[in-house]
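Structure first, then comments.
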Amino acid sequence: MNEVRVRIAPSPSGNLHIGTARTALFNYLFAKKNNGKFILRIEDTDAERTSQEYVDNIFDSLKALGLNWDEGPDVGGDYGPYTQSERFDIYPKYVQKLLDSGFAYECFCTPEELEAEKEEATKNKQAYVYSKKCENLTEEEKAKFRAEGRKPAIRFNVSKAQKAFHDSSILEFDDLVKGKLHVDTNLIGDFVIMKSNGAPTYNYAVVIDDALMKISHVIRGEDHISNTYKQILIFEALGFEVPKFGHLGMILAPDRSKLSKRHGATAVSDFVEQGYLTDALLNFVALLGWAPSDGQEIKTVDEIAQDFRINEISSSNSIFEYDKLKWMNSHYIKMLPIEELKEKLKKYLTKYDLSSMTDAKYTRMIEITYEPLTLLSDITDAVTYFFGGDDVELDEKAKENIETELSQDVLRTFVEQAETWEWTEENLHEKLEKFRGDFKEQKGYKPKFTMWAIRAAITGRLCGADMTAILAILGKEHSLNRAKKCILSNVK
RNA sequence: AGCGGUAUCGUCUAGUGGUUAGGACGGGAGAUUCUCAUUCUCCAAACAGGGGUUCAAUUCCCCUUACCGCCGCCA
């Protein structure tokens, strides 16, 4: 049995898209499950849209996701180079083979001529298929075009390849996820494999690379289905073994359009920047099309790989539901070991002076605030009242609350009694419990209201983390000063 | 227009020729908690439509509809 070799072949014309990440994941899973190799290839044949910045982003994102490749531009391998622009000397050789065997021919048509053909087709409501005008040019005619300064593009002769390798004009292949797929090759025009400037086209370069890199399974988005037929024909014309193909449904935005920035983040690096955990991202994206056999959706990549069967992937499109991703992210945040969480969160706490806080206090602060986080970045707002010393900004609801007579009563009593309290969390816990118990008993204040007064004065908000711990972390002085500042002299 | 693909709660999906069609997110109700959140319990929510085949179809076949993709000297 041949070795399983799969690849992800992103084009560096943008940051690594979440859809590409999903395709990469499925390739990775397939490789893992089958003890195969996962290969990264950079498809940068279109120099104008390509940049090193994007190449770096693709590397970094894939690494962050833990989708490590066995062969690639940086790590090398036996079938390099793994960057298309470094393979430009390879492509002409096989074009020549195709030319020699008659599966390709030179085309001297100008863009204007081609445009005219297309217009004609649309006018007649026909699908456009190249006319094959240049298929049988004589040497004299070619020489004449050359004399005019025209540079030929090379076209692949579809009908010739079809007749050479297939009985019928219907070309069929067995897709790993979609089952049997077919098309009438008469509908495929002779397409360009080498541009007049000498650069290979995508459909051609992909075949050469996949063949030379011994790719056994091509797993990609279903937008490539129609390319597959062309590619199969090239594989055959060159005498290469045709790999197996598997096409995944697309990821759509909630409004069923293409996922774009206006829906939120689309690049993996954007998600990370916003405070998503890569593990959550990966787990979520795996669930788009794949379902665990035991119904347990939270899974590590290794667990998913064990349970992964490419033919069981749903072949329909799926919608990217940010709500579920958020839920998953908060779930992953809760599962993170506290030490790791402390480190990851620091990135979002740069506006605060953490050096003024002991590690024990910092740890405790994170312990009591991390639970409600949806995004790591939510921590920024969640801890603001731990800083600022004697001052804290009150929001509208807190202000309103402070101004009630009940709250004033609570605060006056609090300041008076707390002055003598020993300021440790255990003791505060005990004292506060008794404190609100007393108010309940003596004045009928619900514990909730008693605590609201203190919370409003100390944190400036009506909701937040455990009040006892907040007081302990803030310290006696700051706590009492904040409370004192909220005691108003004239309240009716 | 043509060609190809897809169709189970709002969303991601499980599932079967005979099931109370299952789970998750989201939504609703309740319990717990000093608040918010968490957690827990419960509830509502789906087989696109029409024809066949069959004793029986959500499941198999056909048509319609809807949606997606492709029709580049882009990748």
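Chain letters run A, B, ... following the sequence lines, proteins first, then strands; residues in each count from 1. As the structure is a prediction and not an experimental result, all values here were calculated from the model.
The salt bridge (charged side-chain N to carboxylate O under 4.0 Å, His left out) pairs that include a residue from residues 317-327 of chain A are A:Glu297-A:Lys324, where partners are two or more places apart or lie in different chains.
Side chain to side chain, A:Lys132 and A:Ser159 meet the donor-acceptor criterion of an N or O pair below 3.5 Å. A:Gln52 and A:Asp56 form a side-chain donor-acceptor contact under 3.5 Å, judged by distance and modelled atom types alone. Side-chain contact annotation: A:Tyr204 with A:Asp209, donor-acceptor N/O pair under 3.5 Å absent.
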Side-chain polar contacts of residues 437-454 of chain A - donor-acceptor pairs under 3.5 angstrom, sequence neighbours left out - could you list them?
from     : atom 1 : to       : atom 2 : distance (Å)
A:Asp438 : OD2    : A:Lys434 : NZ     : 3.0
A:Lys443 : NZ     : A:Asp409 : OD1    : 3.3
A:Lys443 : NZ     : A:Asp409 : OD2    : 2.7
A:Tyr445 : OH     : A:Asp409 : OD2    : 2.9
A:Thr450 : OG1    : A:Lys446 : O      : 3.4
A:Trp452 : NE1    : A:Leu462 : O      : 3.0

Show me the side-chain donor-acceptor pairs of residues 254-261 of chain A shorter than 3.5 Å, one per line, residues at least two apart or across chains.
from     : atom 1 : to       : atom 2 : distance (Å)
A:Asp255 : OD1    : A:Ser257 : N      : 3.0
A:Asp255 : OD1    : A:Ser257 : OG     : 2.6
A:Asp255 : OD1    : A:His263 : NE2    : 3.2
A:Asp255 : OD2    : A:Ser257 : OG     : 3.4
A:Asp255 : OD2    : A:Arg262 : NH1    : 3.4
A:Asp255 : OD2    : A:His263 : NE2    : 3.2
A:Ser257 : OG     : A:Arg262 : NH2    : 3.3
A:Ser257 : OG     : A:His263 : NE2    : 3.4

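If you measure from atom CZ of A:Arg22 to atom P of B:C12, you get 11 Å, rounded to the nearest angstrom. When the C1' atom of B:A37 is taken as reference, atom CD1 of A:Ile333 falls 13 Å away, rounded to whole Å. Rounded to whole Å, the distance from NZ on A:Lys326 to P on B:C12 is 17 Å. Per the geometry, NE2 belonging to A:His331 stands 9 Å off P belonging to B:U39, to the nearest Å. The interatomic distance linking A:Leu252 (CG) with B:A7 (P) rounds to 14 Å, in whole Å. Rounded to an integer number of Å, the gap from NE2 of A:His224 to C1' of B:C71 is 15 Å. For A:Arg436 and B:U33, the CZ to C1' distance is 9 Å, given to the nearest whole Å. Separating the CG atom of A:Leu411 from the C1' atom of B:C34 is a distance of 14 Å, rounded to the nearest angstrom.
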Taking N or O atoms only and anything under 3.5 Å, show me the protein contacts with nucleotides 72-74 of chain B, one pair per line.
from  : atom 1 : to       : atom 2 : distance (Å)
B:C73 : O2     : A:Ser196 : N      : 2.9
B:C73 : O2     : A:Ser196 : OG     : 3.1
B:C73 : N3     : A:Ser196 : OG     : 3.2
B:C73 : N4     : A:Cys109 : O      : 2.9
B:C74 : OP2    : A:Lys195 : NZ     : 2.8
B:C74 : O2'    : A:Asp46  : OD2    : 3.2

Could you list the protein-to-nucleotides 3-6 of chain B atom pairs, N/O on both sides, closer than 3.5 Å?
from : atom 1 : to       : atom 2 : distance (Å)
B:G5 : O2'    : A:Lys178 : NZ     : 2.8

Provide a list of protein-nucleic acid N or O atom pairs under 3.5 angstrom, restricted to nucleotides 25-28 of chain B.
from  : atom 1 : to       : atom 2 : distance (Å)
B:C25 : O2'    : A:Lys324 : N      : 3.4

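Ring geometry, A:Tyr229 versus A:Phe173: the interplanar angle exceeds 60°, so the pair is classed perpendicular (tilted spans 30 to 60°).
Pairing of B:A66, defined by two Watson-Crick or G-U wobble distances under 3.5 Å, is identified with B:U6. Nucleotide B:C71 forms no Watson-Crick or G-U wobble pair with any nucleotide shown, as no partner meets the under 3.5 Å limit on both distances. Under the Watson-Crick or G-U wobble criterion, with both distances below 3.5 Å, B:A56 has no partner in any strand shown. Partner assigned to B:U41 is B:A29, using Watson-Crick or G-U wobble distances below 3.5 angstrom. With a cut-off of 3.5 Å on both pairing distances, the Watson-Crick or G-U wobble partner of B:U11 is B:A24. Searching all strands for a Watson-Crick or G-U wobble partner of B:U35 with both distances below 3.5 Å returns nothing.
Closest to the side chain of A:Asp223, out of B:G69, B:U35, B:C12, is B:G69.
A:Phe245 does not carry A:Arg220 over the face of its six-membered ring by the limits of under 6.0 Å from the centre and within 45° of the normal.
Heavy-atom distances to RNA chain B give each of A:Gly295 and A:Phe284 a nearest nucleotide, and the one nearer the 5′ end belongs to A:Phe284. Looking at which nucleotide of RNA chain B each of A:Ala9 and A:Thr468 is closest to, the 5′-most match is held by A:Thr468.
Using a cutoff of 4.0 Å between basic side-chain nitrogens and carboxylate oxygens, A:Glu340 and A:Lys344 are scored as salt-bridged.
A donor-acceptor distance shorter than 3.5 angstrom exists from the side chain of A:Asp175 to the backbone of A:His247, with no hydrogens or angles considered. Here the side chain of A:Asn27 pairs a donor or acceptor atom with the backbone of A:Thr23 at under 3.5 angstrom. Under the 3.5 Å distance criterion, the side-chain polar atoms of A:His166 are left unmatched by any main-chain donor or acceptor of A:Ser168.
Among the protein residues, A:Ala465 comes within range of the nucleic acid bases, having at least one heavy atom under 4.0 Å from a base atom. Residue A:Gly189 is classed as having no contact, given no heavy-atom separation below 4.0 Å to the nucleic acid. At the heavy-atom level, A:Ile319 lies under 4.0 Å from the strands shown only through sugar-phosphate atoms. A:Glu371 comes within 4.0 angstrom of a nucleotide base, judged by non-hydrogen atoms across all strands. When heavy atoms are screened at a 4.0 angstrom cut-off, A:Arg256 is found touching the sugar-phosphate backbone but no base atom.
In this structure, the separation between CD1 on A:Ile333 and CE on A:Met328 is 13.0 Å, given to the nearest 0.5 Å.
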